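It should be emphasised that the depicted structure is a prediction, and the values quoted were computed from it without experimental measurement. Here is the naming used below: chain letters follow the sequence lines, and residue numbers restart at 1 for every chain.
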Amino acid sequence: MASDPILAVRSVSKIFKSSKHSIVALEEINLKSERSEFLCVLGPNGCGKSTLLNIIAGFRPYFPPTKGEVLIHGKPIKGPGNDRIMVFQQDTLLPWLDVQDNIEFGLKIQGIPKAERQEVSEYYLKLMELEEFKHKYPFQLSGGMSRKTELARALALKPKILLLDEPFAQVDALTRLSLQEELLGVSQLGKMTTILVTHSIQEAIFLGDRICVMSKRPGKIKEEVRVELPNPRKWADLVNEREFARLHGHLVNLIHEGESNNDIK
Amino acid sequence: MTLSEISENIMKRIFWIIFPFFAVLLVWQAIASLNIFPHYLFPGPASVLEDFVAKAISTQVLLLHIKESLIRLSLGYATGITGGLALGVAMGLNKYIARFFEPLIVFTHAIPGITWVPLAIIWFGIGYKTVTFIIFLVVFWPVLYGTLIGVRTTSLKYSNVALMYNAKKWQIIRYVLLPGAMPSIINGIRLGAGMGWRGVVGAEMIAASSGIGWMIIDARSWLHTQTVILGAVIIGIFSIAIERLILKRLEVRTIEKWGMISAP
């Protein structure tokens, strides 16, 4: 059906039960993406935002949710699938493959012939400025280059949905800025919905078309904020934008509200 | 480093490989030349060399023994490594297979390889089948344990990535688990290679009428002590050759290239 949204998260709740007590990680999450867009899920540590992303990806033990369902084009998901590709917070490049083979890994698993694979990987090597390093192995790469290779591996499969779990949390601040600009560039090339989970307010504003702000325990979507900033965005232009400052202030307040109410330590 | 410094370094390394052997040979020859012990008890390196020339060039009987041992060894290595890899991967992947085989393996592993020789002779008779079977057994265990621990220590995150791309089971084994387990697989093969030589010599002494092991035991009954020593030297040389030409190369081309171990 053409009218079905690309992605729909329908009243998803997740309760983690242990022998002593149970933790409500997510409560009644509703999320919808109608067209290709960049969606940021913003929240403090422990708000369940990574859990939500893992449920969308279909990974155990997060999936299946305790309640609710995740639909892709109207069809409920049953587990992981290559229409949703995740870039993880840690390095997951295969140490025994060079940069080019790592980018081609997903395609190779699909049984795509070598010539075709190479065409795709060459394109992304060029796009991500990794050409010089295509025969290097992961242990020889800097943090930023590893991240770019991971991103290229995910994009090479042309997923409908790209899931990013704090992908730049482990690189230095300056590298992060340039990676964010590159990510924004490549995410607008393909027709896909990108969902990025982050605890950085600035990252969420810079990248997002929409920001879902989550509150802590139980994880709920508190507010959805639309980002009305022009594209393409560059950090150099954005820091002087009034709208950027206004959004930043608004989001800080939103998150702090929750902190003072819920965090009684 | 300048070119002359590099070549000086290489010379130094070669010197420190040759010198210790040379020193031992010199002392050994000196003692033998003193004629304190009769020749049949303590032959010098010169008579071992003489024996080598006679057997390798004149009668070429040595080449036949080496060939026989190497064929048995290759068959034993091939079956032992394949079997160890297969069961190691199966046990690493499936907990029921692991639970089933673990007690059996602990029990069987404790039985020395040589214990199987009489049984193998009853089953296969005297000859290459029995010797190959013994080599298979002694190579199998270290490769099995190496593969098993390697598969178990390969981070789950790599398998999860492959699963995300809808990888089939054989693809996970081929592209994730086997390369991930490579450091301890190579370690297992290395231990197995050493055990294999013990297996081949031990088995040939009892259950063959050719091969290096048989040559040694046969020479002992004729008191050809220099041939006994020659056999030991041949084993030493082939062990080094297998290590340098095969195992070391495999290591350089895989786990060293991948940064999974540091280069020496």
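- For the pair A/Phe139 and B/Gly259, the tightest heavy-atom approach, listed with the atom from each and the gap, is CE2-N, 3.4 Å.
- In this structure, the portion of B/Met260 lying under 4.5 Å from any heavy atom of chain A is its side chain and not its backbone.
- The local environment of CD in A/Glu119 is sparse, with at most 12 non-hydrogen atoms from other residues, nucleotides or ligands closer than 6.0 Å.
- Proximity to chain B (any heavy atom under 4.5 Å) is restricted, for A/Arg84, to the backbone atoms N, CA, C and O.
- Side chains of B/Tyr165 and A/Ile85 form a contact here, defined as non-hydrogen atoms less than 4.5 Å apart.
- Taking a 6.0 Å sphere around OH of A/Tyr62, one finds it holds 12 or fewer heavy atoms contributed by other residues, nucleotides or ligands.
- Between chain A and the options B/Thr254, B/Val176, B/Leu163, the largest number of non-hydrogen pairs under 4.5 Å is found for B/Val176.
- Only the side chain of A/Gln90 comes within less than 4.5 Å of a heavy atom of chain B; its backbone N, CA, C and O stay farther away.
- Note that the CD atom of B/Gln171 and the CZ atom of A/Phe105 stand 8.0 Å from one another [nearest 0.5 Å].
- Under the 4.5 Å side-chain criterion, counting only non-hydrogen atoms from C-beta, A/Leu97 is not in contact with B/Tyr175.
- The two residues A/Thr92 and B/Lys157 have their closest heavy-atom pair at CG2-CD, 4.1 Å.
- Counting heavy-atom pairs under 4.5 Å between each of A/Arg153, A/Gln140, A/Lys108, A/Gln110 and chain B puts A/Arg153 at the top.
- Open room surrounds CH2 on B/Trp116; 12 or fewer heavy atoms of other groups in view lie less than 6.0 Å from it.
- Counting heavy atoms of neighbouring residues, nucleotides and ligands inside a 6.0 Å radius, atom CZ of A/Arg10 does not exceed 12 of them.
- The CZ atom of B/Arg174 sits 10.0 Å away from atom CD1 of A/Ile109, with the distance rounded to the nearest 0.5 Å.
- Looking at A/Leu93, only its backbone comes within 4.5 Å of chain B, counting heavy atoms on both sides.
- In this structure, B/Phe15 places its CZ atom where more than 12 heavy-atom neighbours from other residues, nucleotides or ligands lie under 6.0 Å away.
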